[in-house]
There are 2 protein chains.
Amino acid sequence: MGIHASFEHFTRAAFGADPCAMRNSGLEAIAAPMAIERGRAAMIERSRDQIVYLLSGATKLAAAVSDDREQIVAFHFPGDIISIPADGVHSYLLAALANTEILVFPAREFFDIAAGDEAMARRLFDVLPSALHRCRDKAVALGRQNAAERLAGFLIAMAERIGRLEGSGCIIELPMSRRDISDSLGLTIETVSRQLSHLREAGLVETQGRSQVAIPNLEMLTRCAGHYAA
Amino acid sequence: MGIHASFEHFTRAAFGADPCAMRNSGLEAIAAPMAIERGRAAMIERSRDQIVYLLSGATKLAAAVSDDREQIVAFHFPGDIISIPADGVHSYLLAALANTEILVFPAREFFDIAAGDEAMARRLFDVLPSALHRCRDKAVALGRQNAAERLAGFLIAMAERIGRLEGSGCIIELPMSRRDISDSLGLTIETVSRQLSHLREAGLVETQGRSQVAIPNLEMLTRCAGHYAA
DNA sequence: CGCTTAATTGAGAGCCTTCAATCATCGTGG
DNA sequence: CCACGATGATTGAAGGCTCTCAATTAAGCG
């Protein structure tokens with residue numbers, strides 16, 4: 001997709017704004033469209049914060065913690081607006097789970113423009129707190145839940161974001177590998193695999209190939225996620 | 001502090017705005033000042049997101065995960081702007097580590113006003129991503145670091161936020177208990193205590209009473225935090 | 001159909017937790 | 001000012017959950 005088509009898609013879908021109205025904002029001038037092949041990391045400037053709009057595909061945002069281990073802090077799907085931190089205590093990278101198209105903006109300039117545009121600001125005040133709250137829920141899972149609860153919570157979250165309902169249940173086509181799942185849940189591949197087997201044996205999920213997961217009863221799985229009600 | 005004084009303090013400190021200029025924004029009308037005693041939780045509406053401005057004191061934002069365990073997702077100090085999620089998969093509460101004064105706003109109305117005010121929007125586009133990035137760093141720590149690294153990272157972070165420099169080192173007056181620290185790091189009190197003893201034995205920290213921690217050499221402690229450089 | 005890569009399963013080790021006891025700190029009252 | 005008691009912090013021993021290492025099985029692609 002070219003820069004103009006990408007940008008129009010972006011303004012319309014993300015801000016409900018007429019692209020013509022955004023022409024003079026200077027936003028298009030700082031937008032860098034990029035295509036990322038499945039499995040590759042986006043080549044993004046890491047000395048400053050960046051904002052990314054996900055046009056198509058799916059990505060993960062991960063911190064490198066050692067040569068052969070990472071911690072994924074978020075998965076993203078088309079339409080998502082992603083804030084990517086500059087290198088700090090950890091170094092983050094955005095990698096594609098499938099062939100992906102994105103629009104990259106330097107965060108400072110992006111926010112400068114957004115601060116003066118009510119529609120953009122409004123949308124960002126929806127998106128940023130949501131990302132923050134999701135990240136907090138993840139921190140809670142990583143800090144205080146066991147492997148079984150984390151996996152159940154992960155599947156429920158994926159069901160809500162990319163599952164298609166099927167009666168009282170749901171079918172998910174997972175775009176990420178077991179390694180990605182384990183890197184997201186702060187576990188190992190083996191533990192994820194074992195927990196998934198337990199869920200299978202308990203009849204809470206069924207799997208088809210590597211990526212399809214069926215949840216016959218969402219509520220029963222939700223009960224496994226250990227979400228405490230005060 | 002009364003509502004007017006609190007509100008003026010807030011507009012000036014948080015947005016660098018002349019309080020008079022904000023008079024007509026309607027912001028003051030939705031501001032609820034509250035005083036929270038040390039150890040108590042703020043009585044805040046939990047069916048909708050809230051924004052809190054911390055005037056004085058110190059707070060923790062924690063998710064209840066069982067009757068006797070919580071996960072702290074952030075600590076806050078005067079001047080901080082805090083986004084508190086409505087009850088979702090977890091129930092969060094804001095509790096005071098010391099006697100605290102706050103200003104509470106319903107998030108939706110707050111953001112409605114902020115979207116039309118460039119100074120407010122600009123400030124929030126600084127604050128919200130910062131909170132998100134800190135939360136991500138916490139998720140990385142909880143998911144992929146061991147007890148020693150988490151405690152070192154915690155002490156370094158506290159040194160940066162509330163420590164006072166002392167030569168090449170730093171002295172911190174911790175406002176939170178060992179339980180709070182363990183609830184923040186996803187560990188137990190005992191593990192935190194043991195790791196702190198290790199740091200003491202290694203000469204990396206010195207403690208005075210329950211709350212004072214001295215770090216003779218910040219760089220050496222930073223090396224213990226296990227922050228991987230790609 | 002065979003090969004490569006990913007996922008599953010098993011056994012043993014390690015780190016943190018749990019349970020329990022002791023010690024220190026700090027506010028209170030004599 | 002010091003003794004005292006209550007709470008918080010530290011230390012120790014044993015157990016559990018997840019990780020590591022290793023082997024096997026399955027999936028997907030040419």
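In the text below, chain A, chain B and the rest are named by the order of the sequence lines, each starting its count at 1. For clarity, every value in this text was computed on a predicted model and none was experimentally measured.
Among pairs with a residue in residues 54-70 of chain A, those fulfilling salt bridge (charged side-chain N to carboxylate O under 4.0 Å, His left out) read A:Lys60-A:Glu70, A:Lys60-A:Asp180, at least two apart in sequence or across chains. Residue pairs meeting the side-chain hydrogen bond (donor to acceptor under 3.5 Å, both in side chains) criterion with at least one member in residues 210-219 of chain B, sequence neighbours excluded, are B:Glu173-B:Ser211, B:Glu173-B:Gln212, B:Glu219-B:Arg223.
When the local axes at the two ends of the helix from C:dC1-D:dG30 to C:dG30-D:dC1 are compared, using 5 base pairs at each end, they differ in direction by 40° after rounding to 10°.
With sequence neighbours excluded, the residues forming a side-chain contact (heavy atoms from CB on, under 4.5 Å) with A:Thr59 are A:Leu54, A:His76, A:Ile82, A:Leu94, A:Thr100, listed by chain and number. Here A:Gln145 pairs with A:Ala141, A:Glu149, A:Arg150, A:His227, B:His90 under the side-chain contact (heavy atoms from CB on, under 4.5 Å) rule; sequence neighbours left out. A search for side-chain contact (heavy atoms from CB on, under 4.5 Å) contacts involving B:Val104 returns B:Ala32, B:Met34, B:Ile44, B:Gln50, B:Val52, B:Ile102, not counting sequence neighbours. By the side-chain contact (heavy atoms from CB on, under 4.5 Å) test, A:Ser47 pairs with A:Glu45, sequence neighbours left out.
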Restricting both atoms to N or O, compile the protein contacts to nucleotides 1-5 of chain C shorter than 3.5 Å, with distance only.
from: C:dT5; atom 1: O2; to: A:Arg210; atom 2: NH2; distance (Å): 3.3

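Non-hydrogen atoms lying under 4.0 Å from DNA chain D are contributed by A:Asn146, A:Ala147, all within residues 136-152 of chain A. Near DNA chain C, meaning a heavy atom under 4.0 Å from it, residues 178-192 of chain B has B:Gly186, B:Leu187, B:Thr188, B:Glu190, B:Thr191 in order of number.
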Do any side-chain atoms of residues 155-167 of chain B form donor-acceptor pairs under 3.5 angstrom with protein atoms, and if so which ones, sequence neighbours left out?
from: B:Arg161; atom 1: NH1; to: B:Phe75; atom 2: O; distance (Å): 3.2
from: B:Arg161; atom 1: NH2; to: B:Phe75; atom 2: O; distance (Å): 3.2
from: B:Arg161; atom 1: NH2; to: B:Asp80; atom 2: OD2; distance (Å): 3.0

Going by atom type alone, with no hydrogens or angles, which donor-acceptor pairs under 3.5 Å involve a side-chain atom of residues 195-202 of chain A and a protein atom two or more places apart or on another chain?
from: A:Ser197; atom 1: OG; to: A:Ser193; atom 2: O; distance (Å): 3.0
from: A:Ser197; atom 1: OG; to: A:Arg200; atom 2: NH2; distance (Å): 3.1
from: A:Arg200; atom 1: NH1; to: A:Thr207; atom 2: OG1; distance (Å): 2.8

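Taking 4.0 angstrom as the limit, A:Arg200 places a side-chain polar atom (N or O) nearer than this to OP1 or OP2 of C:dT8. Between B:Arg194 and D:dA13 there is no side-chain polar atom (N or O) within less than 4.0 angstrom of OP1 or OP2.
In this structure a side-chain-to-backbone donor-acceptor pair under 3.5 Å is missing from A:Ser91 to A:Asp87.
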